[in-house]
Engineer: 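Sharing a structure below in structure tokens format, with a few things to ask.
Per chain, numbering begins at 1; letters A, B, ... match sequence-line order.
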Amino acid sequence: MRVSRYFLPVLKETPSDAQIVSHRLMLRAGMIRQAAAGIYSWMPLGLRVLQRIEKIVQEEQQRAGHIPLLMPTLQPAALWRESGRYDDYGEEMLRIKDRHGRDLLYGPTNEELITDIFRSHVRSYRDLPLTLYHVQWKFRDEIRPRFGVMRGREFLMKDGYNFDVDRESALHAYNRHMVSYLRTYERMGLKAIPMRADTGPIGGTHSHEFLVLADTGESEVFFDSAISELNLGGRSVDFNNWQECAAIVDEWTQPYARTEETHDPRTFELEVPEERRRSSRGIEVGQIFYFGTKYSEPMGATVAGTDGTQVPVHMGSHGIGVSRLAGAVIEACHDDRGIIWPEAVAPFPVGIINLAPKDDKTSDICERIVRGLESSGIEPLLDDTDERAGAKFATMDLIGLPWRITVGPRGIADGYVELTRRSDGETEKLGPEQVVEKLIDIFRAAGLTN
RNA sequence: CGGGCCAUAGCGCAGUUAGGUUAGCGCGUUCGUCUGGGGGGCGAAAGGUCGCGAGUUCAAAUCUCGCUGGCCCGACCA
């Protein structure tokens, strides 16, 4: 993509409405534009990030054996009356009437719809286990939306629902989700810690929230520093293996890690040596629940068990805040010049700065680099505009692409271009062919190209 | 939902306390020119129903009332 033909409305000054760093940077980098309080348009650069995050979420869900579908944003009130939540949910639910006066609502979540789908099509324990999920826009009419996409009213969320024949298999589904969530966040370049959490209005007996540590997080969290050392690395996981999933869950839930709602200072001091006790702010980027038969019983979601009698299914639900993650990544990865995207979610993997677009030789080298990268499936963003060099550098730093290639007459005269890593500014001089080869190697090693 | 505050050019702001000719400034935009490796210099230009509606007044961006939208703190929340 060429900057001259792209739509990248960056701002030099910080809009006064934005308070936290991710909101400021998303506005300045031209990723989002507010349409109303807590409601945003996703501009081209922001959409690319959102889509890359969603793609990782989708791939990891499917790797764990979960089945995608797509439920609507508008839902009939009747189903919510059936579960009793139409009245319970309160003002946060956006209620709408259609032209016939029928009550609709803009879905804040989908337990009722999914349970309705399940009960009308699944009859036997033989159809289980089943986990259905979708990635869909939700609306919660927050009293006070803030922090940009981190706490918007409209937000994109992956929500999934597991149906199992009994408690044990539903708990395996719980474990399976925890492992797949750990993989999901790790692939995005994030450290997200599962913390024992309150089950809140969704109810149930088990729940963990996943928190990304960041100063601007909305919750206070307490944890054993040992948990931040853990990572899955490239470990391959058999998601059908109950013991294997349970072992990983044990590993990650043994160290103390709780949000303020469930935090118990005495246990904390008893279990965790003083030098490993940590407290921090955290951004919640996902939550998993096991709630048994809470919805299946009142809504009649039953299957025929092995002995032929009808039993209510055991369920759980699981969510990942896809749009919120775009903000959370920035909170975790930025400096005073702008965003520093992890390679896995960057809107473009590489930015190329042409310092002399009017110089044929320089432009020619840029074109060759672009073609070289594109032939390996790497799409760079080429700044071919007539801006000042300083402005181009500043914009490139702001939008935070992981790698920058600087092409100018000065270097070309000596046969090199410069490759700079955004995260630490490390720069090396390479020939135009070498820079392409080197990047291809890097992205291949990271599994981001073929 | 309690408390506080804001709305003037695309963005950031001044002007409102004490009403008074043609509403300014910086950045951005357009044109010209010099420049050309970290948001450059010079010169010119375009761009405003001062959020909307009533009212007070000889006169309203400025005072009063109502409305709409937005922000911050708290409670709440993926």
Side-chain angles (χ1 to χ4, degrees), chain A residues 9-20 23-24 27-28 30 33-39 89-93 107-110 135-160 181 192 197-202 207-212 217-219 259 261 282-289 317-328 337-338 353-359 362 383 385-398 404-413 416-418 420 425 427 429:
Chain A
V10 298
L11 303 174
K12 199 162 164 182
E13 288 172 274
T14 302
S16 58
D17 285 350
Q19 302 300 314
I20 65 166
H23 191 195
R24 282 204 298 268
L27 289 168
R28 286 197 53 212
R33 177 175 163 81
Q34 179 167 314
I39 302 176
Y89 218 94
E91 294 292 309
E92 244 185 45
M93 181 149 75
T109 177
N110 288 67
V135 177
Q136 176 64 293
W137 292 94
K138 309 283 189 295
F139 194 91
R140 291 183 193 170
D141 197 1
E142 300 274 348
I143 298 162
R144 191 183 160 210
R146 63 186 125 170
F147 303 153
V149 300
M150 298 261 289
R151 191 166 161 202
R153 290 192 292 172
E154 188 185 52
F155 56 97
L156 187 62
M157 179 175 166
K158 170 257 151 183
D159 49 322
Y181 276 29
D198 226 7
T199 51
I202 295 182
S207 183
H208 279 86
E209 290 181 337
F210 293 77
L211 287 110
V212 172
E218 72 274 58
S219 347
T259 62
E261 292 82 29
I283 301 165
E284 196 197 322
V285 293
Q287 187 161 11
I288 56 177
F289 296 91
S317 72
H318 328 86
I320 294 181
V322 174
S323 51
R324 167 179 275 201
L325 271 166
R337 290 188 312 219
I353 291 184
N354 182 346
L355 286 169
K358 287 174 179 156
D359 179 78
T362 308
D383 192 341
T385 61
D386 203 22
E387 286 286 337
R388 308 278 307 181
K392 292 185 183 183
F393 285 123
T395 298
M396 208 55 92
D397 287 344
L398 173 64
R404 182 184 82 209
I405 304 171
T406 309
V407 185
R410 194 186 289 174
I412 285 174
Y416 69 83
V417 300
E418 286 158 44
T420 304
T427 297
K429 296 174 176 177

Engineer: Hey, does Ala36(A) reach any base, or is it just sugar-phosphate, or nothing, if we go heavy atoms under 4.0 Å?
Structural biologist: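 The residue Ala36(A) makes sugar-phosphate contact but no base contact.
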Engineer: Any strand is fair game: report the nucleotide pairing with G2(B) by Watson-Crick or G-U wobble, both distances under 3.5 Å, or none.
Structural biologist: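 The base-pairing partner of G2(B), which may sit in any strand shown, is C73(B).
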Engineer: With heavy atoms under 4.0 Å as the rule, sort Ala394(A) into base, sugar-phosphate or nothing.
Structural biologist: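 Here Ala394(A) touches the bases of the nucleic acid.
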Engineer: Select one nucleotide: of A78(B), G38(B), G39(B), the one nearest the side-chain heavy atoms of Asp397(A).
Structural biologist: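 Of the options given, the side chain of Asp397(A) lies nearest G38(B).
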Engineer: Choose from C13(B), G39(B), C72(B) the nucleotide whose nearest atom is closest to any side-chain atom of Ser16(A).
Structural biologist: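 Output: C13(B).
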Engineer: Counting side-chain heavy atoms from CB outward, which of G12(B), A75(B), C77(B) is closest to Glu92(A)?
Structural biologist: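 So the side chain of Glu92(A) is nearest to C77(B).
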Engineer: Between His23(A) and Arg404(A), which is nearer to the 5' end of RNA chain B once each is assigned its nearest nucleotide?
Structural biologist: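 Closer to the 5' end of RNA chain B: Arg404(A).
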Engineer: Check every strand shown and say whether Gly408(A) touches a base, only sugar-phosphate, or nothing at a heavy-atom separation below 4.0 Å.
Structural biologist: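 Base contact.
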Engineer: Within this structure, what is the CZ-to-C1' distance between Phe139(A) and C77(B), rounded to whole angstrom?
Structural biologist: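 Whole-Å distance recorded here is 14 Å.
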Engineer: Answer with yes or no whether Arg24(A) presents, from its side chain, a donor or acceptor under 3.5 Å of a partner atom in the base of G12(B).
Structural biologist: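 There is none.
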Engineer: Select one nucleotide: of G36(B), A78(B), C71(B), the one nearest the side-chain heavy atoms of Glu284(A).
Structural biologist: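 Nearest to the side chain of Glu284(A) among the choices is A78(B).
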Engineer: Rounded off to whole Å, could you give me the CZ-to-C1' distance for the Arg153(A) and G70(B) pair?
Structural biologist: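 That distance rounds to 11 Å.
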Engineer: In whole Å, I'd like the distance from the CZ atom of Arg146(A) to the P atom of A75(B).
Structural biologist: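 Distance check: Arg146(A) CZ to A75(B) P gives 9 Å.
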Engineer: Base, sugar-phosphate or nothing for Leu355(A)? Non-hydrogen atoms, less than 4.0 Å.
Structural biologist: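 If one applies the 4.0 Å heavy-atom cut-off, Leu355(A) turns out to touch a base.
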Engineer: Taking all non-hydrogen atoms of both residues into account, name the closest pair between Ser207(A) and Gln287(A) and its distance.
Structural biologist: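 The pair with the smallest heavy-atom distance is OG-NE2, 2.9 Å.
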Engineer: Given atom CZ of Arg410(A) and atom C1' of G37(B), what is their separation to the nearest angstrom?
Structural biologist: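 Value for this atom pair: 5 Å.
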Engineer: Tell me the interatomic distance from Met150(A), atom CE, to C72(B), atom P, rounded to whole angstroms.
Structural biologist: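 Atom CE in Met150(A) sits about 13 Å away from atom P in C72(B).
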Engineer: Can you tell me how far the CZ atom of Phe393(A) sits from the OG1 atom of Thr406(A), to the nearest 0.5 Å?
Structural biologist: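 Answer for the CZ-OG1 pair, Phe393(A) versus Thr406(A), is 4.5 Å.
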Engineer: Under 4.0 angstrom, heavy atoms only, what part of the nucleic acid is Ala391(A) near: base, sugar-phosphate, or nothing?
Structural biologist: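 Contact class for Ala391(A): base.
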Engineer: Considering residues, nucleotides and ligands other than Glu91(A), do more than 12 of their heavy atoms fall under 6.0 Å from its CD?
Structural biologist: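 At most 12 heavy atoms, drawn from other residues, nucleotides or ligands, come within 6.0 Å of this atom.
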Engineer: Give one of base, sugar-phosphate or nothing for Thr406(A), where a contact means two heavy atoms less than 4.0 Å apart.
Structural biologist: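 Answer is base: heavy atoms of Thr406(A) come under 4.0 Å of a base.
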Engineer: Is the shortest distance from a Lys or Arg side-chain nitrogen in Glu218(A) or Arg324(A) to a carboxylate oxygen in the other one below 4.0 Å?
Structural biologist: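 Answer for the salt bridge query: yes.
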Engineer: Side chain of Arg324(A), heavy atoms from C-beta onward: which of A78(B), G39(B), G37(B) has the nearest atom to it?
Structural biologist: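 Shortest atom-to-atom distance from the side chain points to A78(B).
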Engineer: Of all the nucleotides listed (C73(B), G39(B), C77(B)), which has the minimum atom distance to the side chain of Thr395(A)?
Structural biologist: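 So the nucleotide nearest the side chain must be G39(B).
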Engineer: Among the nucleotides C1(B), G37(B), C13(B), which one has an atom lying closest to any side-chain atom of Arg144(A)?
Structural biologist: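 From the listed options, C1(B) comes nearest.
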Engineer: Regarding Arg28(A), tell me which of base, sugar-phosphate or nothing describes its non-hydrogen contacts under 4.0 Å with the strands shown.
Structural biologist: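 Base, at least one base heavy atom under 4.0 Å.
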Engineer: Nearest-Å distance, CG (Leu11(A)) to C1' (G28(B))?
Structural biologist: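 It is 10 Å, rounded to the nearest whole Å.
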Engineer: Rounded off to whole Å, could you give me the CD-to-C1' distance for the Gln19(A) and G74(B) pair?
Structural biologist: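 Going from Gln19(A) (CD) to G74(B) (C1'), I get 15 Å.
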Engineer: From the set G39(B), G37(B), G70(B), return the single nucleotide nearest to any side-chain atom of Gln34(A).
Structural biologist: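 Nearest nucleotide to the side chain: G70(B).
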Engineer: Among Arg28(A), Arg404(A), Lys392(A), find the one that has a salt bridge (Lys or Arg N to Asp or Glu O under 4.0 Å) with Asp397(A).
Structural biologist: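 By the salt bridge (Lys or Arg N to Asp or Glu O under 4.0 Å) criterion, Asp397(A) pairs with just one of Arg28(A), Arg404(A), Lys392(A): Arg404(A).
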Engineer: Distance criterion of 3.5 Å, no angle test: do you see the side chain of Glu418(A) paired donor-to-acceptor with the base of G37(B)?
Structural biologist: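 Counting by modelled atom types and ignoring angles, a donor-acceptor contact under 3.5 Å is found here.
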Engineer: Once you apply a heavy-atom cut-off of 4.0 Å, does Asn354(A) come out as touching a base, just sugar-phosphate, or nothing?
Structural biologist: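 Counting heavy atoms under 4.0 Å across all strands, no contact is made by Asn354(A).
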Engineer: Go through the N and O atoms of the side chain of Arg388(A) and the base of G39(B), and report whether any donor-acceptor pair is under 3.5 Å.
Structural biologist: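 Per atom types, no contact qualifies.
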Engineer: Between G37(B), U29(B), C71(B), which nucleotide has the shortest distance from any of its atoms to the side chain of Glu387(A)?
Structural biologist: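 Per side-chain heavy atoms of Glu387(A), the pick is U29(B).
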Engineer: Base of C76(B), side chain of Arg151(A) - is there a donor-acceptor contact under 3.5 Å?
Structural biologist: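 Indeed, a donor on one side and an acceptor on the other fall under 3.5 Å apart.
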Engineer: Given side chains that start at C-beta, do those of Arg153(A) and Phe139(A) come closer than 4.5 Å, heavy atoms only?
Structural biologist: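 Of all side-chain heavy-atom pairs linking Phe139(A) with Arg153(A), at least one is under 4.5 Å.
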Engineer: Expressed as a whole number of angstroms, how long is the span from Leu27(A):CG to G70(B):P?
Structural biologist: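 Interatomic distance, CG of Leu27(A) to P of G70(B): 15 Å.
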Engineer: Assign each of Val10(A) and Thr14(A) to its nearest nucleotide of RNA chain B by heavy atoms, then name whichever residue's nucleotide is nearer the 5' end.
Structural biologist: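 The 5'-side residue here is Thr14(A).
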Engineer: Side chain of Glu13(A), base of G26(B): donor and acceptor closer than 3.5 Å?
Structural biologist: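 Pair found.
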Engineer: Contact class for Gly152(A) vs. all strands (heavy atom < 4.0 Å): base, sugar-phosphate, or nothing?
Structural biologist: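 Base contact - Gly152(A) has a heavy atom under 4.0 Å of at least one base atom.
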Engineer: Ignoring hydrogens and angles, are the base of C77(B) and the side chain of Arg140(A) linked by a donor-acceptor pair under 3.5 Å?
Structural biologist: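 Per atom types, no contact qualifies.
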Engineer: Please determine, by modelled atom types, if Glu261(A) and Thr259(A) share a side-chain donor-acceptor pair under 3.5 angstrom.
Structural biologist: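 Yes - a donor-acceptor pair under 3.5 Å links their side chains.
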Engineer: In Å and rounded to the nearest 0.5 Å, what is the CD1 to OG1 distance from Ile353(A) to Thr420(A)?
Structural biologist: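 Reported value, rounded in 0.5 Å steps: 8.5 Å.
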Engineer: Consider the side chain of Glu142(A), meaning its heavy atoms from C-beta on, and name the nucleotide among G39(B), C71(B), A78(B) that approaches it most closely.
Structural biologist: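 The nucleotide sitting nearest to the side chain is A78(B).
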